[in-house]
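Presented below is the structure to which this report refers.
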4 protein chains.
Amino acid sequence: MTNKQEQRSEETKRSILTAAGRLFAERGYDAVTMREIAKAAGCSHTTIYIYFKDKEALLHHLAMEPLQALFAEMEAGVQNHLLSADERLLAVSTSFIRFCLLNRSMYPLFFMAKSSRVDEKEPSLELQHLRNQLFGLLKDAVIACLPPHLTEEQSWAYARVYFFTLHGVIGTYSQSDETFDMLMERLAPTFELALRVALAGCKQIAHEEAAAK
Amino acid sequence: MTNKQEQRSEETKRSILTAAGRLFAERGYDAVTMREIAKAAGCSHTTIYIYFKDKEALLHHLAMEPLQALFAEMEAGVQNHLLSADERLLAVSTSFIRFCLLNRSMYPLFFMAKSSRVDEKEPSLELQHLRNQLFGLLKDAVIACLPPHLTEEQSWAYARVYFFTLHGVIGTYSQSDETFDMLMERLAPTFELALRVALAGCKQIAHEEAAAK
Amino acid sequence: MTNKQEQRSEETKRSILTAAGRLFAERGYDAVTMREIAKAAGCSHTTIYIYFKDKEALLHHLAMEPLQALFAEMEAGVQNHLLSADERLLAVSTSFIRFCLLNRSMYPLFFMAKSSRVDEKEPSLELQHLRNQLFGLLKDAVIACLPPHLTEEQSWAYARVYFFTLHGVIGTYSQSDETFDMLMERLAPTFELALRVALAGCKQIAHEEAAAK
Amino acid sequence: MTNKQEQRSEETKRSILTAAGRLFAERGYDAVTMREIAKAAGCSHTTIYIYFKDKEALLHHLAMEPLQALFAEMEAGVQNHLLSADERLLAVSTSFIRFCLLNRSMYPLFFMAKSSRVDEKEPSLELQHLRNQLFGLLKDAVIACLPPHLTEEQSWAYARVYFFTLHGVIGTYSQSDETFDMLMERLAPTFELALRVALAGCKQIAHEEAAAK
DNA sequence: CATGAATGAGTGTTCATTCAT
DNA sequence: TATGAATGAACACTCATTCAT
């Protein structure tokens with residue numbers, strides 16, 4: 001009996017999260033009302049408050065999960081030793097872009113929220129930590145493509161520069177009204193070009209600098 | 001007599017603009033209320049409506065002025081024929097980045113606001129137009145550095161890719177709490193590196209593609 | 001359990017309608033605020049929005065119900081073939097006057113509200129339609145008392161003229177503070193006189209005109 | 001000097017009254033703002049407060065003047081012994097209708113405002129008095145057309161009934177958006193018909209009643 | 001006498017949230 | 001566990017009115 005109830009409870013929670021995730025992604029956190037989420041989840045809006053303290057808690061809960069999934073996916077990509085370093089970077093970058101465009105409206109939350117808001121305690125820290133791990137992973141993937149023996153400072157610089165491209169791609173389209181599929185169909189080649197350009201540029205400048213030394 | 005009143009009026013208008021600019025920048029257009037702006041400006045919320053038709057007009061006023069200045073500066077940079085194409089692009093890009101970081105909090109407003117709302121008439125169009133002109137200017141500067149005879153589609157693609165870098169740079173630091181000066185002191189070399197990387201990358205891939213054909 | 005809640009809900013809705021009806025009647029639609037209605041109904045102003053989409057919907061709801069009842073009553077009167085045409089007109093007119101005086105304060109709403117606002121969709125149309133039907137019914141009842149073979153234009157003219165009397169009766173007393181019963185006791189003979197005068201006048205002039213031709 | 005100032009002052013006051021009168025008539029008291037009146041009058045909105053205590057005072061001032069003019073006109077009409085009683089009634093009625101339609105949006109103010117509002121002191125009394133005089137004048141004009149020796153009660157009844165027609169005519173078109181000229185062009189014959197019907201009806205019923213006795 | 005600047009009270013409406021069941 | 005009813009705080013915006021000059 002308890003089991004059945006627990007199961008039903010879990011289902012409701014799931015459907016709330018699913019609905020909220022979809023709606024936040026589609027229209028942005030602010031534009032979505034609790035009542036809309038409830039309707040989409042097939043429950044009363046008051047039920048949401050049973051599972052989540054408030055709207056923000058819902059958002060936070062919603063943010064961690066996919067971000068962890070992304071991290072896992074990128075980690076797997078980076079460890080796939082069947083691919084060359086360049087290919088690994090490309091794969092990981094593509095994962096990142098795809099994820100961010102899929103979760104467009106959450107992107108600012110994931111990556112641009114002020115790191116420190118007084119009223120947030122733990123939640124932000126978790127997020128911040130995950131963010132850092134993710135960035136570290138990207139940095140390693142970038143460095144693996146560049147000539148060895150870069151200083152730590154240089155490594156950071158190239159990683160940042162490469163990351164600018166990713167950030168730029170996502171930021172440019174994060175407000176678009178087009179669906180993810182429309183976006184990818186129209187722009188996938190441009191995204192690939194952007195990644196190739198960024199990598200080629202990093203490599204060339206890195207070599208020039210190495211030579212100059 | 002009249003003079004004194006006019007002066008007071010001008011002061012009030014200025015203080016409203018200043019307050020609104022700061023608040024919009026800090027917390028975003030939507031999150032700021034007219035009453036907050038008024039309080040920050042030291043006047044009643046109704047006073048704002050004496051000087052600006054509505055919230056959007058306030059935003060528009062705030063956005064157009066500096067954006068036009070930027071456009072003028074970039075236009076001048078692009079027409080400086082003492083410089084090589086590469087140098088001109090670098091100059092123009094630096095102008096753009098500096099401006100956007102200086103007006104950080106308005107950046108989303110300038111370049112990421114939904115471009116088309118049915119009920120908006122002129123104001124947004126002006127902004128949109130300025131935006132397009134600005135992007136066109138950047139595009140021409142990019143193309144001038146690349147091998148000739150690119151198709152229109154290719155031109156757009158490289159321009160976009162180059163723009164991703166700019167957008168990425170700005171986006172990455174647009175939420176930072178550091179002052180503009182702190183930012184530039186710490187990151188100017190990184191920014192320059194990013195621009196060089198983007199240009200080198202574009203050049204190389206463009207040549208590769210030309211050769212492949 | 002559900003029953004109790006439903007009952008409470010129904011009560012609240014009722015009290016809102018009652019309050020709104022009274023206030024609209026007393027002071028006119030525009031002059032009454034949602035907050036006033038709420039206070040009079042003993043609930044928060046937001047509660048009104050649970051039951052009615054907006055102020056206009058409240059008005060519409062308030063207007064349609066009794067108006068439909070009136071229409072049904074008048075339709076029945078007009079089809080009562082036990083009566084002569086004159087008696088039918090008298091019956092129908094009396095129904096109309098009684099209804100309008102009973103719903104005095106809503107009368108302007110029913111019959112004098114601006115018929116066409118661009119942004120209104122269905123609701124007003126329904127009301128407008130009902131109004132037209134009602135007027136058509138009265139017109140037919142008038143014509144049935146007059147000599148046959150009137151042109152369409154003449155028919156409209158006499159119907160209008162007859163309607164002026166009804167409208168005048170109601171308008172004259174629509175602001176009165178007397179109760180409906182007091183009014184009828186004091187003025188029923190006057191009203192009847194008015195109807196007889198209007199009918200006699202129409203008949204005589206119509207005959208004169210017919211003879212003149 | 002004083003003279004010149006006084007003259008200018010009088011002019012300003014006049015232009016305010018003119019503007020307010022036109023705007024109130026066009027769009028109704030509530031819908032017109034002080035600033036609109038000021039703009040139409042060619043002065044600052046604050047200037048209005050020099051001449052009139054508040055918006056309501058402006059309205060009241062505006063109402064008395066034309067009403068007195070109407071009264072004078074009707075009085076003249078009633079005393080024109082070149083005309084028959086019927087013609088005099090017709091003339092007076094037409095004056096009344098024309099005036100009320102011309103001052104449509106003020107009509108409720110003139111003739112339908114609650115006679116006693118606690119917060120109004122004198123102004124209403126004046127108005128009320130004028131109203132009564134006007135009605136008395138109409139009553140006499142009606143009675144002059146009817147058989148002599150009516151009881152006082154009967155006189156009142158016929159006067160009321162006749163007045164219903166006037167009231168009905170005006171009320172029916174008082175909310176119309178058509179200009180006065182459009183209205184008169186379209187409906188002048190209907191109005192005349194209405195008056196003839198009302199008079200003919202009153203006469204006939206009065207004779208019938210007299211005969212019955 | 002006249003005015004531009006400024007404001008408080010108020011408008012309809014929305015929304016996240018709580019309460020009683 | 002779950003919900004319908006209800007609400008307070010807030011939103012952009014308007015308007016008659018007052019104040020300092």
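Predicted, not measured: the structure shown is a model, and the values here were computed from it.
- B:E6 places its CD atom 13 Å from the C1' atom of E:dT3, with the value rounded to the nearest Å.
- Less than 4.0 Å separates DNA chain E from at least one heavy atom of each of the following residues of residues 34-42 of chain C: C:M34, C:R35.
- Residues that satisfy the ring-ring contact (aromatic ring centres under 6.0 Å, His included) test with C:Y49, not counting sequence neighbours, are absent from this structure.
- Atom CG of B:D30 is separated from atom P of E:dT14 by 17 Å (rounded to the nearest Å).
- Ranked by how close their nearest DNA chain F nucleotide is to the 5' end, C:S9 and D:K55 are led by C:S9.
- Here B:E36 pairs with B:R27 under the salt bridge (charged side-chain N to carboxylate O under 4.0 Å, His left out) rule; sequence neighbours left out.
- For B:D54, the side chain to side chain contact (heavy atoms under 4.5 Å, CB included) test picks out B:E56, B:A57, with sequence neighbours left out.
- D:H45 meets the ring-ring contact (aromatic ring centres under 6.0 Å, His included) test with no other residue; sequence neighbours excluded.
- For C:D54 and B:T12, each mapped to the nucleotide of DNA chain E holding its nearest heavy atom, the one lying further toward the 5' end belongs to B:T12.
- Here E:dA20 presents its P atom at 19 Å from CD of C:Q7, a figure rounded to the nearest Å.
- Residue C:R8 has a polar side-chain atom (N or O) positioned under 4.0 Å from OP1 or OP2 of F:dA6.
- Both cation-pi conditions hold for A:K55 and A:Y29: the charged atom is under 6.0 angstrom from the six-membered ring centre and inside a 45 degree cone around its axis.
- Only B:C43, B:S44, B:H45, B:T46, B:T47, B:I50, B:Y51, listed by number, bring a heavy atom of residues 43-51 of chain B to less than 4.0 angstrom from any atom of DNA chain E.
- Here A:R22 pairs with A:E26 under the salt bridge (charged side-chain N to carboxylate O under 4.0 Å, His left out) rule; sequence neighbours left out.
- A:T179 meets the side-chain hydrogen bond (donor to acceptor under 3.5 Å, both in side chains) test with no other residue; sequence neighbours excluded.
- The neighbour count for C:Q68 CD, taken as heavy atoms of other residues, nucleotides or ligands under 6.0 Å away, is above 12.
- The side chain to side chain donor-acceptor pair (under 3.5 Å) analysis of residues 11-20 of chain C, with sequence neighbours excluded, yields no pairs.
- The distance from atom NZ of C:K13 to atom P of F:dA6 is 12 Å, rounded to the nearest whole Å.
- Summarising the geometry, the separation between CZ on A:F24 and C1' on E:dA16 is reported as 12 Å, rounded to the nearest angstrom.
- For C:F52, the ring-ring contact (aromatic ring centres under 6.0 Å, His included) partners are C:H61, not counting sequence neighbours.
- Counting to the nearest Å, the P atom of E:dA16 and the CG atom of A:L23 are 12 Å from each other.
- Consecutive Watson-Crick or G-U pairs involving DNA chain E, each under 3.5 Å on both distances, make up stems of three or more pairs at E:2-21 with F:2-21.
- Shown here are the side-chain hydrogen bond (donor to acceptor under 3.5 Å, both in side chains) partners of B:S9, two or more places apart in sequence or in another chain: B:Y51.
- The CD1 atom of B:I16 sits 10 Å away from the C1' atom of E:dA6 (whole-angstrom rounding).
- What separates CZ of A:F52 from C1' of E:dT17 is a distance of 16 Å, to the nearest Å.
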